[in-house]
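Shown next, in structure tokens, is the structure this report addresses.
Along the sequence shown, residues are numbered consecutively beginning with 1.
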Amino acid sequence: MGHAVGDVLGLAAGVAASPLPIVAIILILATPRGRFNGLLFAFGWVLGLAALGAIMLVVGGTGGASTHKHPATWVGALKLALGVLLALFGARQWRRRPKDPSQAQLPKWMAAIDRFTPVKILGLALLLSAANLKNAPLTIAAGASISSAGLPVPQQIGTLAIFVVIASLGVLAPLAVYLVMGERAKSILGNWRDWAAQHNDAVLAVLFFVLGLKLLGDGISILAT
């Protein structure tokens, strides 16, 4: 289990470093029902990652992800494909980044986030976690790694839980600051929001590329063994 946890730590950190969801929850915390909406967003985020990871564990279990405690060939091919995909996304994101970070623009839907209903906030959290161009491939890769480690089901679930907790730190940190500090947290969260908004494209480009190379290496290693 320790080996499996070590295998997914980097992927979990890549999910946690998600500037756009961090900006989203900070804006949500500034709404009139910030406490409730923030908790709801965090719940949806965790639910999205856990559900996608669990689906991958089921697929890996039924698809024979592990043969004699060694990842199956299809797991290597999957990681290779995900690595190529992330590397391409990274190159595209780097080309699209603004030359001046202060000119970075947030998605238009964020301007209306204070009018989101609880259902929309929950849906937004699910989209940003389980349907995100970076987070979805990383979570799928983590699920494949866990299911191919040859672990008993309880240990697979425990490893996935560790992945989800670490992958949620980026979103949970603003929520924790808000719950502990209340109104005093506004200036701190405002600085976090501004930094994340300005450097979103550059951060994503680097993460896409670095994690894409990691998955490429993992896939090649599995296929070559």
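Listed for the T159 side chain is a donor-acceptor partner under 3.5 Å among the backbone atoms of Q155. In terms of modelled atom types and a separation under 3.5 Å, the side chain of Q156 and the main chain of I146 share no donor-acceptor contact.
Proximity of M56 to T139: side-chain heavy atoms (C-beta onward) are nowhere separated by under 4.5 Å. By the 4.5 Å heavy-atom criterion applied to side chains, L27 and D114 are not counted as neighbours. Side-chain contact check for I113 versus L124: some heavy-atom pair is nearer than 4.5 Å. Under the 4.5 Å side-chain criterion, counting only non-hydrogen atoms from C-beta, V58 is not in contact with I55. Counting heavy atoms from C-beta on, the side chains of V203 and W195 come closer than 4.5 Å.
L52 and V153 sit in two unconnected hydrophobic clusters of ILVMFWY residues. Membership requires side-chain heavy atoms under 4.5 Å apart, directly or through other members. Under the 4.5 Å side-chain heavy-atom criterion for ILVMFWY residues, a single connected hydrophobic cluster contains both I22 and L39. Following chains of ILVMFWY side-chain contacts shorter than 4.5 Å, one can reach I28 starting from V180, so the two form part of one hydrophobic cluster. Under the 4.5 Å side-chain heavy-atom criterion for ILVMFWY residues, no single connected hydrophobic cluster contains both L215 and W94. The same ILVMFWY cluster, assembled from side-chain heavy atoms under 4.5 Å apart, contains both L47 and F116.
Rounding to the nearest 0.5 Å places OG of S148 at 10.0 Å from CG of L78. Note that the CZ atom of F41 and the CG atom of L126 stand 9.5 Å from one another [nearest 0.5 Å]. Once rounded to the nearest 0.5 Å, the distance linking NZ of K134 with CG of L11 reads 10.5 Å. In this structure, the separation between CZ on F209 and CG on L216 is 9.0 Å, given to the nearest 0.5 Å. One finds the CG atom of L85 at 11.5 Å from the CG atom of L80 (value rounded to the nearest 0.5 Å). Of the inter-residue distances, the one linking L82 atom CG with L211 atom CG reads 11.5 Å to the nearest 0.5 angstrom.
Closest approach of A13 to I166, counting heavy atoms only: N-CG2, 4.3 Å. Closest of all the heavy-atom pairs between L29 and P174 is CD1-O, 3.7 Å. Contact between L133 and L86 at its shortest, heavy atoms only, is O-CD2, 4.0 Å. Between A167 and L49 the shortest heavy-atom distance is CB-CD1, 3.8 Å. Of all non-hydrogen atoms in L138 and F163, the two that sit nearest each other are O-CZ, 4.3 Å. When all heavy atoms of N132 and L128 are compared, the pair lying nearest together is CB-O, 3.1 Å.
A side-chain N or O of S145 and one of K79 form a donor-acceptor pair less than 3.5 Å apart. Side chains of N135 and S18: a donor-acceptor N/O pair is present below 3.5 angstrom, by distance only.
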Walk me through whether I121 and F36 qualify under side chain to side chain contact (heavy atoms under 4.5 Å, CB included).
CA-CA 11 Å; I121 289 175; F36 173 78; over 6 Å; no
